[in-house]
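Below you'll find the structure, written out as C-alpha cells, and then a few comments.
Note that the coordinates shown come from a computational prediction; the quantities given were computed from them, not determined experimentally. Proteins get letters first, then strands, A, B, ... in listed order; numbering begins at 1 in each.
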Amino acid sequence: MPQITLPDGSIRPYDGPVTGTGIAEDISKSLAKKAIAMKVDGEVRDIWDSIEKDAKVEIVTRDSAEGLDLVRHDAAHLLAQAVQELFPGTQVTIGPVIEDGFYYDFARKEPFSTEDFEKIEKKMAELVDADLPTKKEVWDRDEAIAKFESMGEKYKAELIRDLPGSEDIKVYHHGDWFDLCRGPHLPSTKHIGKSFKLMKLAGAYWRGDHRNEQLQRIYGTAWLSDKDLKAHLTRLEEAEKRDHRRLGREMDLFHLQSEAQGSVFWHAKGFTIWRELEAYIRRQLDADGYEEVKTPQLLDSVFWQQSGHWAKFRENMFVVPDEVPNTEDDAPLLSGKADMMALKPMNCPAHVQIFKQGIKSYRDLPIRMAEFGCCHRNEPHGALHGLMRVRQFTQDDAHIFCREDQIVDETIRFLNLFATVYGDVGFTDITYKIATRPEVRAGSDEAWDRAEQMLEEAFKQSGLEYEILPGEGAFYGPKLEFHLTDAIGRTWQCGTFQLDYVLPERLDAAYIGEDGNRHRPVMLHRAVFGSFERFIGLLIEQYAGKMPLWLAPTQMVVATVTTDANDYAEKVAAEFRAAGMRVETDLRNEKINYKVREHSHAKVPLIAVVGGREAEERKLSLRRLGSKDSSVMGVDEALAELKKESLAPDLKR
RNA sequence: GCCGCGGUAGCUCAGUGGUAGAGCGCACCCUUGGUAAGGGUGAGGUCGAGAGUUCAAUUCUCUCUCGCGGCACCA
C-alpha cells in the first residue's frame, strides 16, 4: 500500500505497486504526455519503474534540468547505436553526459573522421523517427559477461566485472540495440528530439589511463530545442572572439612562433599590461611584508639532484651541457661527457639557498621571499596552449619560511591578499579548492592530518567557500587551488598555495628555535597570479580585450577632425602623457568616423576628438569605449578626472 | 607524447594536375570630412618543409614540422 507524496504535499495512496506513468496519468493527462522520468525520494528513475513503498515522487518532464540530462544521456546511446549500425565491429565503451552535451568512446581499428559525422547524425535522426521503445532488463552477472564477450564487446565485459557485487547489471534496450547502463533513460527514442550535433573527434585513453589502449571519442551537444542548440552554437562563436590568442594578434599584444614554441614574444602593448600588473603586485607584496630576491636561471644538475627535482621532474626540465661547443664544422658539437646544468623549472630550491645563508633564528620567521622568477618547463607538445600553457613563464612566486604554528595565520594572510588582488583586477568567478593527500606521498599521516586541518581552518576563518579535491595534493603537502574559467569554459589554475615539509628537509634548511636547537621551517609555496602569461591570458578573455583603464596598453587616442587641429592634438596628448597616461595621437588624413571606428575596434578605452572648436576653447570631446555618446569638456577638467581614473586600483584607495 | 583535423598575401578565407584570387589591412594620390568604413591607384605569395608519382604538383602519396580540438601530463 504505497503512499505517494507529490511535490505539492498532497498524498496519493495506492493499493499496490505503481509506476511513474500511472502516477502521472492520475495527476493529469497532459502531465502523463510530458512525463519522461520520475524522481523518487530525490533519485531520478525510469518512468516505468514500479514503486512499492511510500515515497516522495516528482514527475520529470523534458524541459527540466533532469530532463535535459536525460536527453543528453539518451543522445549518447543514440550515437552509439548509430555508430554500431553504420560501422559494424565497433565496440562500445562508455558515454556520459558532460556540460552542454555528451560523448561516447568507441574502440574501432579504423579511424573515424569528422566527415563521418553527417552520416552518423542522419542515422541518429532516423532512430529518433523510428521511436524505438526503451526496455530495461536486469541480467545475471556471469551471463552478462558471457553475452558481451560473445559479441566481442570486451570493454563492456570488463565494466561488468568491475561493478560492485551489490549492483544490478542493468541492460537498456532501444529497439534491437542494447547497452549496459546505469540508467535511467527516456521511454523511447523520439523523446530525444533532433536538437543535437556531433562536435568533435578525439582520442581518449580507456579509463583515462595513458598506458591503456586509445579509444575514439565522439563529442556531441544536445538540447531541448533547435533554438537552444542554435543559441549554444552562437555562444561558442562569441566565445571564439574572446579567445586571447586571437585578441593577442588583433590587438598587437604578443605572438608565438614555431622557433620558440611555448615561449611568448611580448609586443610593446602586451608587455605594457604585464608591466602594470607587475608594478601593482610588487606594491602589494612590499606592503604585505615580502622581500624580493632574484636567483639564477641555470643551476648544476647536482643541485637538482639534491632538491629531488632530478628524480621526479627531470623529464620536464631543459638540460644544458656545461661545455664549450666544438667550433670545427665537421666535428660533433658536443663531447657527450659534459656536466649537465638545467634551467630552473621552479624557484623554490634557490630560495632555500638564500634562506640557508647565515643562521636564522625563530625570531626571523616568517620570512616571505618573493621573486618574479622566470621558469622553464619542457611541457608535452600537446599541452601547449597560447598563453595558458607555455614552456617559459614568469611567476609572481614567493616562499614563506615559517614555523608550524604560523601556518594558519600565513594562510589567512595569503587568502586576504589573494582576495584583494583578484577583486582589484576584476576576477569574481573563482573556485577555491583544497587538494588533499595523494596516494604516493612523503611524511606521516599525522603531519598530513595537521596540514590539511590548518588549511581548512584558514578557509573557515576567512569565510571563503571551498571544496575538497581528495588525492590531488602534491606529494610533499596539501595545497590550495584557485581556478578561473576561460572564454570557452575551460578552467585554469592560477594562484596556488602549497604546504611543504619535504624540501626544507631535503635541502637542510633550519632555524634556531627558542630552545636553542635546530628546527625545520615549513615552506609555503605561493603565487597570486600564478604565471603572468596565464594570468594575462585569462584577463584578456575575461574582458574580451576591453581592458580596464589602468591596464589598457593605449589608454587614450587623441584623434583630429581636420589637419588644422594637429598641433593642438599633439599638445593635448603631451599634457596627458606628462600626467602619466599612455596616449597616442591619430593625425591621419581620414574622416573622424573612420578613426572612431578603428580605435573602437582596437578597444582603446578613451577617444578624445579634437577639431577647430576644441582647439579654440582648449577642450576635447571625450568618447568612452562602448558608449555612443561623447562629452565635451575642458582639457584641465579631463586631465584631473582621467589621471585619477587611470590609476591602478590600489593607488586609488 | 597519443588520436582527429588543418597550414594559400600582414589578417580572414576562396581556388586549381598546366607555377594563384577576394575582402580587410598596407603605400601613394585626391578628398579637410564632427563621433563605428569617402574615392582612386599600387605593392605584396618558394601555396609550412622535404621526398615520391607525373611531361607537369600549391593540388595526388609518404615523411617531417608547426598549429587547432580533445586525451594523458601539469611535481
Side-chain angles (χ1 to χ4, degrees), chain A residues 98 103 105 111-117 199-219 240 243 245-246 249-250 252 255-262 307-309 311-317 345-346 348 377-386 388-391 438 440-442 472-477 479 481 488 490 492-493 496 498 500 502-503 525 530 534 559-566 588-602 607-614 621-632:
Chain A
I98 52 172
Y103 67 77
D105 285 351
F112 288 113
S113 154
T114 42
E115 286 171 17
D116 298 326
F117 281 8
M199 302 297 285
K200 48 200 179 190
L201 187 59
Y205 299 102
W206 169 235
R207 301 202 149 170
D209 189 330
H210 69 279
R211 289 163 301 192
N212 290 341
E213 50 275 65
Q214 192 162 42
L215 307 171
Q216 300 187 64
R217 175 173 298 177
I218 297 177
Y219 284 90
E240 234 171 81
D243 191 310
R245 293 164 298 184
R246 176 187 178 130
R249 185 177 54 239
E250 287 175 0
D252 192 21
H255 84 271
L256 294 148
Q257 66 185 55
S258 57
E259 289 82 355
Q261 55 172 304
S307 71
H309 290 84
K312 289 209 188 296
F313 204 70
R314 190 173 44 198
E315 63 179 5
N316 285 300
M317 288 165 71
M346 305 171 196
C348 33
R377 297 184 190 173
N378 197 343
E379 303 283 2
H381 289 78
L384 301 177
H385 180 87
M388 305 299 197
R389 190 85 181 263
V390 289
R391 291 171 139 183
V440 182
R441 58 180 179 265
E472 294 287 311
F475 78 93
Y476 50 72
K479 59 183 185 183
E481 295 185 359
I488 43 181
R490 287 183 285 218
W492 299 93
Q493 196 180 324
T496 182
Q498 309 181 14
D500 186 355
V502 174
L503 196 63
H525 306 247
R534 182 178 289 181
T560 49
V561 180
T562 66
T563 44
D564 292 342
N566 283 4
R588 291 174 303 170
N589 176 14
E590 295 290 354
K591 291 196 171 180
I592 193 63
N593 281 347
Y594 183 90
K595 294 184 184 180
V596 166
R597 179 171 196 271
E598 191 170 282
H599 299 303
S600 297
H601 276 305
I607 300 174
V609 172
V610 295
R613 296 206 292 267
E614 287 79 7
S621 169
L622 189 70
R623 180 186 168 119
R624 288 171 185 272
L625 183 59
S627 160
K628 283 206 179 347
D629 305 323
S630 54
S631 56
V632 177

> What are the two closest heavy atoms between A:V502 and A:A442, and how far apart are they?
Replying inline: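 For A:V502 versus A:A442, the nearest heavy atoms are CG2-CB, 3.5 Å.
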> In terms of side-chain heavy atoms of A:Y594, which of B:G38, B:G33, B:A36 is nearest?
Replying inline: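 Nearest to the side-chain atoms of A:Y594, counting from C-beta on, is B:G38.
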For [X] and [N], what is the distance between atoms [atom1] and [atom2] respectively, to the nearest whole Å?
X      : N     : atom1 : atom2 : result
A:N212 : B:C3  : CG    : C1'   : 15 Å
A:R391 : B:G1  : CZ    : C1'   : 11 Å
A:R588 : B:C30 : CZ    : P     : 18 Å
A:D564 : B:G34 : CG    : P     : 13 Å
A:R624 : B:A36 : CZ    : P     : 17 Å
A:N593 : B:G39 : CG    : P     : 12 Å
A:N378 : B:C74 : CG    : C1'   : 13 Å
A:E590 : B:G33 : CD    : P     : 15 Å

> Under 3.5 Å, is there a donor-acceptor pair between the side chain of A:R534 and the main chain of A:V390?
Replying inline: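 Side chain of A:R534 to backbone of A:V390: no pair is present.
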>> Quick one: does any side-chain atom of A:K595 pair with a main-chain N or O of A:I607 as donor and acceptor, under 3.5 Å?
In response: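 Checking the backbone N and O of A:I607 against the side chain of A:K595, no donor-acceptor pair under 3.5 Å is found.
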>> On RNA chain B, compare the nucleotides closest to A:S630 and A:P345; which residue's is nearer the 5' end?
In response: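 Taking each residue's closest nucleotide, the earlier one in sequence belongs to A:S630.
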> Closer to the 5' end of RNA chain B via nearest nucleotide, is it A:H601 or A:K595?
Replying inline: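 Of the two residues, A:K595 wins.
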> Which is it for A:R207 and A:D209 under the salt bridge (charged side-chain N to carboxylate O under 4.0 Å, His left out) test, yes or no, and what are the steps along the way?
Replying inline: CA-CA 5 Å; A:R207 301 202 149 170; A:D209 189 330; over 6 Å; no
>> Regarding A:F475, tell me which of base, sugar-phosphate or nothing describes its non-hydrogen contacts under 4.0 Å with the strands shown.
In response: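 Sugar-phosphate, backbone atoms only, no base.
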> So what does A:E614 hit on the nucleic acid, given a heavy-atom distance under 4.0 Å: a base, only sugar-phosphate, or nothing?
Replying inline: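 Here A:E614 touches the bases of the nucleic acid.
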Who does [N] pair with, Watson-Crick or G-U, both distances under 3.5 Å?
N     : answer
B:U59 : none
B:G21 : B:C13
B:C64 : B:G48
B:G42 : B:C26
B:A36 : none
B:G69 : B:C3
B:U54 : none

>> Please determine whether the number of non-hydrogen atoms from other residues, nucleotides or ligands lying under 6.0 Å from atom CD of A:Q257 exceeds 12.
In response: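 Yes, because the 6.0 Å sphere around CD of A:Q257 holds more than 12 heavy atoms from other groups.
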> Is it the case that more than 12 heavy atoms not belonging to A:E213 sit under 6.0 Å from its CD atom?
Replying inline: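 Yes - once you tally the heavy atoms of other residues, nucleotides and ligands closer than 6.0 Å, there are more than 12.
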>> Just verifying a value: how many Å separate A:T560 OG1 and A:I592 CD1, rounded to the nearest 0.5 Å?
In response: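 With rounding to 0.5 Å, OG1 (A:T560) is 6.5 Å from CD1 (A:I592).
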Extract from the structure each pairing of a protein N or O with an N or O of nucleotides 64-72 of chain B at less than 3.5 Å, listing the distance.
unit_1 : atom_1 : unit_2 : atom_2 : d
B:C66  : OP1    : A:Q261 : NE2    : 2.5
B:C68  : OP1    : A:R245 : NH1    : 3.2
B:C68  : O3'    : A:R245 : NH1    : 3.4
B:G69  : OP1    : A:R245 : NH1    : 3.2
B:G69  : OP1    : A:R245 : NH2    : 2.6
B:G69  : OP1    : A:R490 : NH2    : 3.4
B:G69  : OP2    : A:R245 : NH1    : 3.1
B:G69  : OP2    : A:H385 : ND1    : 3.3
B:G69  : N2     : A:L201 : O      : 3.1
B:G70  : OP1    : A:R490 : NH1    : 3.1
B:G70  : OP2    : A:R490 : NH1    : 2.7
B:G70  : O3'    : A:Y219 : OH     : 3.1
B:G70  : O2'    : A:Y219 : OH     : 3.0
B:G70  : N2     : A:G203 : O      : 3.2
B:C71  : O4'    : A:G203 : O      : 3.1
B:C71  : O2'    : A:Y205 : N      : 3.1
B:C71  : N4     : A:G382 : O      : 3.4
B:A72  : O2'    : A:H210 : ND1    : 3.1

>> Rounding to an integer number of angstrom, what distance separates B:C66 and B:C60 when you compare their C1' atoms?
In response: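 Roughly 22 Å separates the two C1' atoms.
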>> Rounding to an integer number of angstrom, what distance separates B:G21 and B:G44 when you compare their C1' atoms?
In response: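 13 Å, rounded to whole Å.
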>> So if I define the base as every atom that isn't primed, P, OP1 or OP2, how would nucleotides 5-14 of chain B read as a B/S/- string at a heavy-atom cutoff under 4.0 Å?
In response: S-----SS--
